[in-house]
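Here's the structure, in structure tokens; my notes come after.
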2 protein chains.
Amino acid sequence: MTHRDRPPGERAGGAAEVPGHVAEAAERALGAAVSLWNRAGQQLPASLSPIQLQTIEIIARNDGINLGGLAAELDAIPSSASRLCDRMEAAGLIVRESAPADRREVVLRLSDEGLRLFTELSRRRQEAVARVLAEMTPGSRRRLIDALAEFGRLCEEPDVPGSRSLDSRSA
Amino acid sequence: MTHRDRPPGERAGGAAEVPGHVAEAAERALGAAVSLWNRAGQQLPASLSPIQLQTIEIIARNDGINLGGLAAELDAIPSSASRLCDRMEAAGLIVRESAPADRREVVLRLSDEGLRLFTELSRRRQEAVARVLAEMTPGSRRRLIDALAEFGRLCEEPDVPGSRSLDSRSA
DNA sequence: TATTGTTATACTCTATAACTATA
DNA sequence: TATAGTTATAGAGTATAACAATA
């Protein structure tokens, strides 16, 4: 599906093939979508900070992740992640366990309350997106979903510049 | 997984018309896009915090906004916004002026440095999006841009539930 | 008096550096 | 010694409440 018949040596990863006004339109539309996305989290009844919300998502998708792994996912240092876990454990959102294999490590899991919040967050995001999708014609909606799915897959590909694996803390 | 084919021409009006698996796919794809979007800001050479980045965007798009307006856009209270402006003014990113019409008000503008950062942020976001778009086939890309533009417009419409005008501070 | 913004205080979030425990 | 995590300290970000200036 990944249509890449360009010679590997060509410049800028092929971004030059996309006209400026197209990138600008995409930026504007994505900006509105990002706002919609973020509001779904802000409107949760529990009123978690963005970083606590992000932490819940990371642990939900990486059950049993250790503290260093969480810090890496947050793009933060272990000390910050540790303090964050202090507060989230005290708030009853996560649990810290000692890893059986290596007792230096800490295994992180969601508490029942944390899992409930994650489920609710996902539900609200889907609902917010669905409300907008419902305003579109079925044809537009179908084209958006299909194209967006491809776009999302490409965003997750590690070989896309600016995707992951960058140490932005040293910037 | 019942694929509901609705008769075309029927008025779209409720989120219930969008099947759950469609909303789920959209959530997943948008999540990846949101990550791409956020990384563009994190990788700026200046290393601003998300809230400072957001403040720069708000002032850039609302030149001369007053402090209360900024606070509302940030979904924060004036006191928090005032402290934020203290630091950003000290960092040379924004300037505070007294409003000529009403001397109680404070008019906020970007400094040259703040404007430069905003331009760079926008450039990097467009570049990140363009790099992914360049990986798509021209047809998919076209369909995505067209459908995404419509989606973006609908996200910005005030009558879409969960759009704006919500006082999430009281939640 | 009502509105706009700032200051006092306290808590969360984050990084640097020093530390403890385990390997 | 090297690794995983915590604690000490300090500064940024935020809210509540009290305050000052202007309308």
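Keep in mind that this is a model prediction, so the values were computed, not measured. Throughout, protein chains are lettered first and strands after them, A, B, ... in sequence-line order, and every chain is numbered starting at 1.
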inquiry  = salt bridge (charged side-chain N to carboxylate O under 4.0 Å, His left out), that's the test. Do B/Arg123 and B/Glu127 meet it? Break it down for me.
reply    = CA-CA 6 Å; B/Arg123 191 191 68 73; B/Glu127 190 179 291; 2.7 Å; yes
query = Are B/Arg153 and B/Glu156 close enough, and set up right, to give a salt bridge (charged side-chain N to carboxylate O under 4.0 Å, His left out), and what steps lead you there?
reply = CA-CA 5 Å; B/Arg153 280 193 301 274; B/Glu156 287 170 337; over 6 Å; no
Could you state the [atom1]-[atom2] distance from [X] to [N], rounded to the nearest angstrom?
{"X": "B/Leu84", "N": "D/dG11", "atom1": "CG", "atom2": "P", "answer": "18 Å"}
{"X": "B/Arg87", "N": "D/dG11", "atom1": "CZ", "atom2": "P", "answer": "13 Å"}
{"X": "B/Asp86", "N": "C/dT7", "atom1": "CG", "atom2": "P", "answer": "6 Å"}
{"X": "B/Asp75", "N": "D/dG13", "atom1": "CG", "atom2": "P", "answer": "17 Å"}
{"X": "B/Gln42", "N": "C/dT14", "atom1": "CD", "atom2": "C1'", "answer": "14 Å"}
{"X": "B/Glu105", "N": "D/dT22", "atom1": "CD", "atom2": "P", "answer": "13 Å"}

message = Between A/Arg96 and A/Leu108, is the side chain to side chain contact (heavy atoms under 4.5 Å, CB included) condition met? List the steps.
response = CA-CA 5 Å; A/Arg96 270 196 271 216; A/Leu108 301 172; 3.4 Å; yes
query = If you measure only the distance, is there a donor-acceptor pair under 3.5 Å linking the side chains of B/Thr137 and B/Ser140?
reply = yes
query = Does C/dT14 have OP1 or OP2 sitting under 4.0 Å from an N or O in the side chain of A/Arg83?
reply = no
key: Residues within residues 49-69 of chain B bordering DNA chain D, heavy-atom distance below 4.0 Å   = B/Ser49, B/Ile51, B/Gln52
request  = Residues of residues 89-98 of chain B with any non-hydrogen atom less than 4.0 angstrom from an atom of DNA chain D: list those, numerically ordered, please.
outcome  = none
request  = Output, in order, the C-alpha distance, side-chain angles, deciding distance and verdict of side chain to side chain contact (heavy atoms under 4.5 Å, CB included) for A/Ile94 and A/Ser111.
outcome  = CA-CA 5 Å; A/Ile94 67 171; A/Ser111 67; 6.0 Å; no
message = Please determine whether a side-chain nitrogen of the Lys or Arg among A/Arg131 and A/Glu135 lies less than 4.0 Å from a carboxylate oxygen of the Asp or Glu.
response = no
message = Less than 4.0 angstrom from a charged side-chain N to a carboxylate O is my criterion; do A/Glu57 and A/Arg61 meet it?
response = yes
query = Is there a salt bridge (charged side-chain N to carboxylate O under 4.0 Å, His left out) between B/Arg124 and A/Glu27 once you walk through the steps?
reply = CA-CA 10 Å; B/Arg124 287 183 179 231; A/Glu27 189 212 0; over 6 Å; no
remark   = Checking D/dA4, C/dT6, D/dA12 against the side chain of B/Val106 (C-beta onward), the nearest is C/dT6
request  = Compare all side-chain heavy atoms of A/Arg143 with those of B/Asp146 and state whether any distance is below 4.5 angstrom.
outcome  = no
query = Between A/Leu53, A/Leu44, A/Leu110, which is the residue that forms a side-chain contact (heavy atoms from CB on, under 4.5 Å) with A/Leu117?
reply = A/Leu44
Base-contact (B) and sugar-phosphate-only (S) positions in nucleotides 16-23 of chain C, heavy-atom cut-off under 4.0 Å, - elsewhere = BB---BBS
request  = Given salt bridge (charged side-chain N to carboxylate O under 4.0 Å, His left out), test B/Glu120 with B/Arg116 step by step and report yes or no.
outcome  = CA-CA 6 Å; B/Glu120 176 67 10; B/Arg116 195 190 64 72; 5.6 Å; no
